[in-house]
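These notes concern the structure reproduced below.
Just so we're on the same page: letters track the sequence lines, and every chain starts at 1.
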Number of protein chains: 2
Amino acid sequence: MIGAVTESAVDAREATRARIEAAALDLFTSRDFETVTADEVADAAGISRRTFFRHFATKADAVWGDFHAHVVRLEELLAATSDDQPVLASICAAYVEVNDYPGADLPLLRERMRLILTEPALQAHSQVRYADVDQVVAEHVARRTGCRPESLVPRLVALSTRAAATTAFETWLAGDGSLADDLHAAFDQLAGGFPTLR
Amino acid sequence: MIGAVTESAVDAREATRARIEAAALDLFTSRDFETVTADEVADAAGISRRTFFRHFATKADAVWGDFHAHVVRLEELLAATSDDQPVLASICAAYVEVNDYPGADLPLLRERMRLILTEPALQAHSQVRYADVDQVVAEHVARRTGCRPESLVPRLVALSTRAAATTAFETWLAGDGSLADDLHAAFDQLAGGFPTLR
DNA sequence: TTGTGGCGTGGCACTCGGTGCCACTAGCGT
DNA sequence: ACGCTAGTGGCACCGAGTGCCACGCCACAA
């Protein structure tokens, strides 16, 4: 193994980060998000309050794993799509792929999403995180359609596909099907202009 | 003037509320939202910090006028729509109607929306306010389609029409056309399943 | 072995948003 | 004149987040 010693520092940092994340999710699940203080999470993770905020800029951020990595991955998936595929289909496929978790991680994902979608403070915070996703999607649409990312169609596609993804998460949480199926169902409705509404 | 005396109490309350709102919008416009403290807004409005938080639960709430009234009005407009009209058309019409401001108020609306759409803290806060709108729209769609408001189509229509409205506000802010036109353009794209994307 | 420099950490003090509590005052009806 | 009510200001408090400093640990060089 190369540099096993030098890795230890990084590993330790990642380990504490994971401990904080686990402790936070645990506490936020057993009680309301707002009633849990940062001190309590820090105590449960065995670190100081100050260190908690060195690992996570916000109490809310402890709920989102490494979300930035997901955004980057989504960007790569979109960049790799073929131009033959319809734009909406490429976005749907990318959303499905980036949310393709191994079965063992699904309970964790459920809890995360339940918190984000139901706790008001987290729901508010999500808007800021999702803004990055919107920008990535809008740039992809702009690339495909040849217009600016800030113009109507790219922005609308970005926001409404995210609406589809959010709705899919809602129905996934309420039921017991697969997330991929729910995503496809929502995207089909959207791409078809809501056929069931005449 | 009729009842000038008895009205004075209510009028005074509404007047201070309006003063706070004006002072807040003024300060948030001239500087960043986050750098303006509640104390400064209170001082500018000639009231105490404590009183500020009696009129507005949150610093962010001072930016939104009487938003609850708008939600109620939207609900009434949706309830009054004819069943002959396609669902999306009725929602579009309601959005257009509820955002039909007199020309003199447009600069104010522009400033409000610019803040809400660009300042991260306000963008996050907006999610909580818009959740009420989503619920009202979802219930309307549920009424029209005969399914539960929490099911896929009502929720997706609610979230994606709000996405359309948000996008319309973005393009309206960037350009110099009418808000109604931008709303119609966005809703047309959405209802047509994004025809320009093949 | 002995520096020495970097990095993660803990503790402290501070700002600011938001809340509960109490006391004061002005207007109103009796 | 009396009490009632509603709006207000002041105060103390909590919790999120930040800047600062000092400590300890580990790698690396002499």
Side-chain angles (χ1 to χ4, degrees), chain A residues 1-21 23-24 27-28 31-64 115 119-126 128-129, chain B residues 1-21 23-24 27-28 31-64 115 119-126 128-129:
Chain A
M1 198 175 293
I2 304 172
V5 180
T6 25
E7 266 180 12
S8 67
V10 178
D11 278 0
R13 199 176 199 291
E14 210 51 44
T16 51
R17 192 189 153 94
R19 274 216 322 283
I20 298 174
E21 218 176 294
L27 286 172
F28 296 159
R31 295 170 23 216
D32 277 353
F33 173 79
E34 291 141 24
T35 71
V36 178
T37 67
D39 283 277
E40 293 179 281
V41 178
D43 283 353
I47 44 102
S48 79
R49 164 190 164 75
R50 191 62 187 87
T51 298
F52 173 86
F53 283 113
R54 277 209 192 81
H55 284 267
F56 296 98
T58 301
K59 208 178 70 167
D61 279 308
V63 177
W64 304 70
L115 285 169
E119 293 279 352
L122 292 174
Q123 204 177 330
H125 181 76
S126 73
V128 178
R129 313 292 314 242
Chain B
M1 205 170 288
I2 304 170
V5 180
T6 24
E7 268 181 12
S8 67
V10 179
D11 277 1
R13 200 179 198 292
E14 210 49 43
T16 51
R17 193 189 151 92
R19 273 214 325 281
I20 297 173
E21 218 177 293
L27 286 172
F28 296 159
R31 293 167 27 212
D32 277 353
F33 173 79
E34 291 141 23
T35 70
V36 178
T37 68
D39 282 277
E40 293 179 282
V41 178
D43 283 353
I47 45 103
S48 80
R49 163 189 163 76
R50 192 63 188 87
T51 297
F52 172 86
F53 283 113
R54 276 208 193 83
H55 284 266
F56 297 98
T58 301
K59 207 177 70 166
D61 279 308
V63 176
W64 303 70
L115 286 169
E119 293 278 352
L122 291 175
Q123 205 177 329
H125 181 75
S126 73
V128 178
R129 311 295 310 247

Would you mind classifying the nucleic acid contact of A:Val36 as base, sugar-phosphate or nothing, using non-hydrogen atoms under 4.0 angstrom?
sugar-phosphate

Atom NE2 of A:His55 and atom P of C:dC7: how far apart are they, to the nearest Å?
15 Å

Without decimals, in angstroms, what is the distance between A:Lys59 NZ and C:dG17 P?
18 Å

About how many Å separate CG of A:Leu115 and CD of A:Gln123, when rounded to the nearest 0.5 Å?
12.0 Å

A:Phe28 CZ to D:dG15 C1', straight-line distance once rounded to whole Å
13 Å

Rounded to whole Å, please give me the gap between CZ in A:Arg13 and P in C:dT9.
6 Å

Rounded to the nearest 0.5 Å, what's the gap from CD on A:Glu14 to NE2 on A:His55? Could you check?
9.0 Å

Listed pairs under 3.5 Å, donor-acceptor, residues 38-49 of chain B side chains, sequence neighbours left out:
from: B:Glu40; atom 1: OE1; to: B:Arg31; atom 2: NH2; distance (Å): 3.0
from: B:Glu40; atom 1: OE1; to: B:Thr37; atom 2: N; distance (Å): 2.9
from: B:Glu40; atom 1: OE1; to: B:Thr37; atom 2: OG1; distance (Å): 3.3
from: B:Glu40; atom 1: OE2; to: B:Arg31; atom 2: NH1; distance (Å): 3.2
from: B:Glu40; atom 1: OE2; to: B:Arg31; atom 2: NH2; distance (Å): 3.3
from: B:Ser48; atom 1: OG; to: B:Arg50; atom 2: N; distance (Å): 3.4
from: B:Ser48; atom 1: OG; to: B:Thr51; atom 2: N; distance (Å): 3.2
from: B:Ser48; atom 1: OG; to: B:Thr51; atom 2: OG1; distance (Å): 3.2

Do A:Pro120 and A:Phe33 have side-chain heavy atoms sitting under 4.5 Å apart?
no

Residue pair B:His125 / B:Asp61, side-chain donor-acceptor N/O under 3.5 Å
yes

Length of the line joining A:Asp39:CG and D:dG17:P, which is rounded to integer Å:
12 Å

Under 4.0 Å: is that the gap between some side-chain N or O of B:Thr35 and OP1 or OP2 of C:dC16?
no

What does nucleotides 10-15 of chain C look like as a protein-contact string, B for base, S for sugar-phosphate only, - for none, at under 4.0 angstrom between heavy atoms?
BBB---

Starting from C1' on D:dC14, measure out to CD on A:Glu34 and report it in whole angstrom.
14 Å

Gap separating the CZ atom of A:Arg129 from the OG1 atom of A:Thr58, nearest 0.5 angstrom:
8.5 Å

Return the NZ to CZ distance between A:Lys59 and A:Phe28, rounded to the nearest 0.5 Å.
5.5 Å

Whole-Å distance between C:dG17 C1' and B:Phe56 CZ?
16 Å

I need the CG-P distance between A:Asp32 and D:dG15, as an integer number of Å.
15 Å

Between C:dG17, D:dT8, D:dT18, which nucleotide has the shortest distance from any of its atoms to the side chain of A:Phe53?
D:dT18

